[in-house]
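Residue numbers start at 1 and run along the sequence shown. The analysis underlying the following values was restricted to heavy atoms, covering all of them including side chains, and did not include hydrogens, waters or symmetry mates. Indexing begins at 1, ligand by ligand and atom by atom, following the structure's order.
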Amino acid sequence: MTVGERPTVGQRPTPGERPRRLTFGALLHGSGGHIAGWRHPSSPPGGQLDLGHHIRVARILERGTFDALFLADVVAIWGHDLDSLRRTARAEHFEPLTLLAALSTVTERIGLVATATTTYNEPFHVARKFASLDHISGGRAGWNVVTSVVPLEAGNFGRDTHLDHPLRYRRAEEFVGVVRALWDSFADGSVVRDRAGGRYYDPAGLSPPHHAGEHFTVRGPLNISRPPQGHPVIFQAGSSETGRDFAARHGEVIFTAQVTLAGAQAFYADVKARAAAHGRDPDRLLVWPVLAPYVASTEAEARARLDELQELVHDDVARRLVQDNIGDVDLSPYPLDGPVPDVGVTNRSRSRQDLLLDLARRERLTIRQLALRFAAVSSVVGTPEAVADHIERWFRARAADGFNISFPNLPGPAEDFVDQVVPELRRRGLFRTEYEQTTLRGHLGLGRPTSRPASVPAEATTR
Ligand SMILES: Cc1cc2nc3c(=O)[nH]c(=O)nc-3n(C[C@H](O)[C@H](O)[C@H](O)COP(=O)(O)O)c2cc1C
């Protein structure tokens, strides 16, 4: 069966095949995904570091049978420089695995996904921490593999400049192979903990990676038994050619920021085809575009919720949003309500720069208008039925297998989504009514990787 022929909801799947079901992750940015979300009157007084707030939100999402909650991360302050951050909540955030370990003790089913960079970490550390979280949470851990987007990270790890993009991905490739081999250090069932016989593990089940490659030399074994899921679920968000190929080889859930249905369909078809070309079952790779929902009982009320946040975008923040994303230009001499000036080629992200400048020219936007468009990217505004329609349309059109929901502020919009949109999706038969499985792999319909026999080397690069 080819990618285009998969069963859709409502169609009867062939025996042995699961019907296609929506899956959902929630992107938890502390006080919300909108740049001004932290200023909303109902946002937590403790800001990004309010543990009680994170617990409340996790429980709301679990009530809504979300597959996972997800923590993005950069190992630096989250911006271009300190000045760009002083009026946002982005200067501080919890270390993701630490927060998820805490949340695992107050939740039972929801998946717990943390971001960890392959550019500024060692594979042993990452393998160990995610294996630990998987054991602590009973098989609910996921790893969002990133190569680091924020150049400021370099300065925290003894480097003047960020590693080049191709080098970052080469390192990532080797990194993931080593982490997987480390997770397989002990074969399933080989840690017997036989108290009566005095045998903790069976040496026949032990296979240390003995890896020596371009970037890493790791003997192993990992000092923790195989994770309950075999391997925690691998998340990825590559968008460049190399990034997409990496995602297609290793990713099991692919995050993507898509603004049009046609663009999302093209991305979906592309990564699934790449996965198939690598010999993978395209159904074992789920595509999750980002969606920022503004939900209320009337369209006007939903629009007012977005407007309320847009009005909280401070002038300095609006200027910096545009400045930081169109290039290394100082916009301070330009009036906020005047046109976006011409900008030459810069060293910043070209695709984002082109996108924003084209939009500003096409629609004759002022600096402020462009900033607000950027702040509301991926928004879907409307009644619960309208938001469910959007989700269903993208799902059926194979633009998405599910969504990474970025709530603009928290906890209100998460509650609205769970209490109003989720029931509508359930009524349509698109989303589960209760958890049927206990692990994140189970929720997502992903198989459990079998453990490598002890005598087989981990990777081709392994000696
Ligand atoms: C929903 C989503 C979440 C992301 N989260 C992070 C993150 O937490 N940390 C990070 O460094 N990059 C993050 N990224 C960026 C991606 O890892 C990746 O670098 C980006 O999509 C560009 O792809 P490329 O590196 O292939 O050009 C995220 C991207 C998306 C779409």
Side-chain angles (χ1 to χ4, degrees), residues 23-30 32-34 48 67-80 90 93-97 99-100 112-121 126 142-157 162-173 175-176 234-259 263-264 267-268 270-271 274 286-293 325 347-355 374 377-379 399-408:
T23 42
F24 283 121
L27 187 63
L28 285 201
H29 277 297
H34 189 283
Q48 305 293 97
D67 293 81
L69 61 83
F70 157 66
L71 299 176
D73 192 44
V74 300
V75 281
I77 55 152
W78 205 311
H80 292 274
R90 304 216 164 150
H93 60 283
F94 280 128
E95 190 288 310
L97 280 154
L99 177 58
L100 291 185
L112 305 164
V113 184
T115 299
T117 174
T118 55
T119 302
Y120 302 113
N121 263 312
V126 167
W143 171 27
N144 179 35
V145 182
V146 299
T147 56
S148 285
V149 276
V150 176
L152 282 178
E153 293 181 47
N156 295 334
F157 298 92
H162 202 21
L163 295 191
D164 284 345
H165 195 265
L167 181 58
R168 295 209 298 272
Y169 272 111
R170 277 215 311 282
R171 187 181 154 103
E173 188 69 40
F175 196 115
V176 170
I234 304 278
F235 288 66
Q236 225 282 322
S239 67
S240 60
E241 272 295 305
T242 336
R244 285 184 190 205
D245 223 46
F246 181 87
R249 259 198 315 283
H250 301 292
E252 298 181 284
V253 180
I254 312 298
F255 295 145
T256 176
Q258 298 291 335
V259 284
F267 180 87
Y268 184 101
D270 181 62
V271 287
R274 285 176 199 247
L286 305 177
V287 177
W288 282 7
V290 180
L291 187 156
N325 288 291
N347 197 26
R348 290 280 164 82
S349 161
R350 289 300 303 278
S351 55
R352 183 168 283 186
Q353 182 189 27
D354 290 348
L355 191 87
F374 192 60
V377 77
S378 305
S379 298
D401 294 307
F403 291 86
N404 197 13
I405 309 281
S406 175
F407 297 106

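Remark: ligand 1 and E153 share no N or O pair separated by less than 3.5 Å (distance only, no angle test). Considering backbone and side-chain atoms together, Y169 places an N or O closer than 3.5 Å to an N or O of ligand 1. In terms of polar-atom proximity, defined here as any N/O pair under 3.5 Å, A237 does make such a contact with ligand 1. At under 3.5 Å, a nitrogen or oxygen of D73, whether backbone or side chain, sits near a nitrogen or oxygen of ligand 1.
For ligand 1 and A72, the ligand atoms under 4.0 Å from any heavy atom of the residue are 8 (O). For ligand 1, the atoms sitting less than 4.0 Å from at least one non-hydrogen atom of V290 are 1 (C), numbered in the order shown with element in parentheses. Residue N404 approaches ligand 1 through these ligand atoms, each under 4.0 Å from one of its heavy atoms: 1 (C). Residue contact check: G243 has heavy atoms under 4.0 Å from atoms 26 (O) of ligand 1. Those atoms of ligand 1 that come under 4.0 Å of a heavy atom in T115, given as number and element, are 7 (C), 8 (O), 9 (N). Remark: ligand 1 atoms within the under-4.0 Å shell around heavy atoms of G238 are 23 (O), 26 (O).
Aromatic ring orientation, W78 versus H29: perpendicular (interplanar angle above 60°, classes split at 30° and 60°). In this pair, F235 and W288 present their aromatic rings perpendicular. The plane angle is above 60°, beyond the 30 to 60° band.
Without hydrogens or angle criteria, E153 side chain to G155 main chain gives no donor-acceptor distance under 3.5 Å. Here the side chain of T117 pairs a donor or acceptor atom with the backbone of T119 at under 3.5 angstrom. Side chain of Q236 to backbone of V145: a donor-acceptor contact under 3.5 angstrom is found. R244 places a side-chain N or O within 3.5 Å of a backbone atom of S239 that can act as its donor or acceptor partner.
Protein heavy atom nearest atom 2 (C) of ligand 1, with residue, atom name and distance: F255 CB, 3.9 Å. Protein heavy atom nearest atom 22 (C) of ligand 1, with residue, atom name and distance: S239 OG, 3.4 Å. For atom 13 (C) of ligand 1, the closest non-hydrogen atom on the protein side is V146 CG1, 3.8 Å.
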Evaluation steps, side-chain contact (heavy atoms from CB on, under 4.5 Å), between F70 and L28: CA-CA 6 Å; F70 157 66; L28 285 201; over 6 Å; no
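Distance check for atom 4 (C) of ligand 1: every protein heavy atom is found at 4.0 Å or beyond. Less than 4.0 angstrom separates atom 25 (O) of ligand 1 from at least one non-hydrogen atom of the protein.
Contact annotation: H165 has at least one heavy atom less than 4.0 Å from an atom of ligand 1.
For E173 and H250, the side-chain atoms include at least one donor-acceptor pair closer than 3.5 Å. For the residue pair Y268/D401, the side-chain donor-acceptor check at 3.5 Å is satisfied. The closest side-chain donor-acceptor pair between D73 and T115, if any, does not fall under 3.5 angstrom.
Atom CG of L100 is separated from atom CZ of F94 by 11.5 Å, given to the nearest 0.5 angstrom.
Proximity of V150 to ligand 1, defined as any heavy-atom pair under 4.0 Å, is not found for any part of the residue. Contacts of V149 with ligand 1, taken as heavy-atom pairs under 4.0 Å, involve both backbone and side chain.
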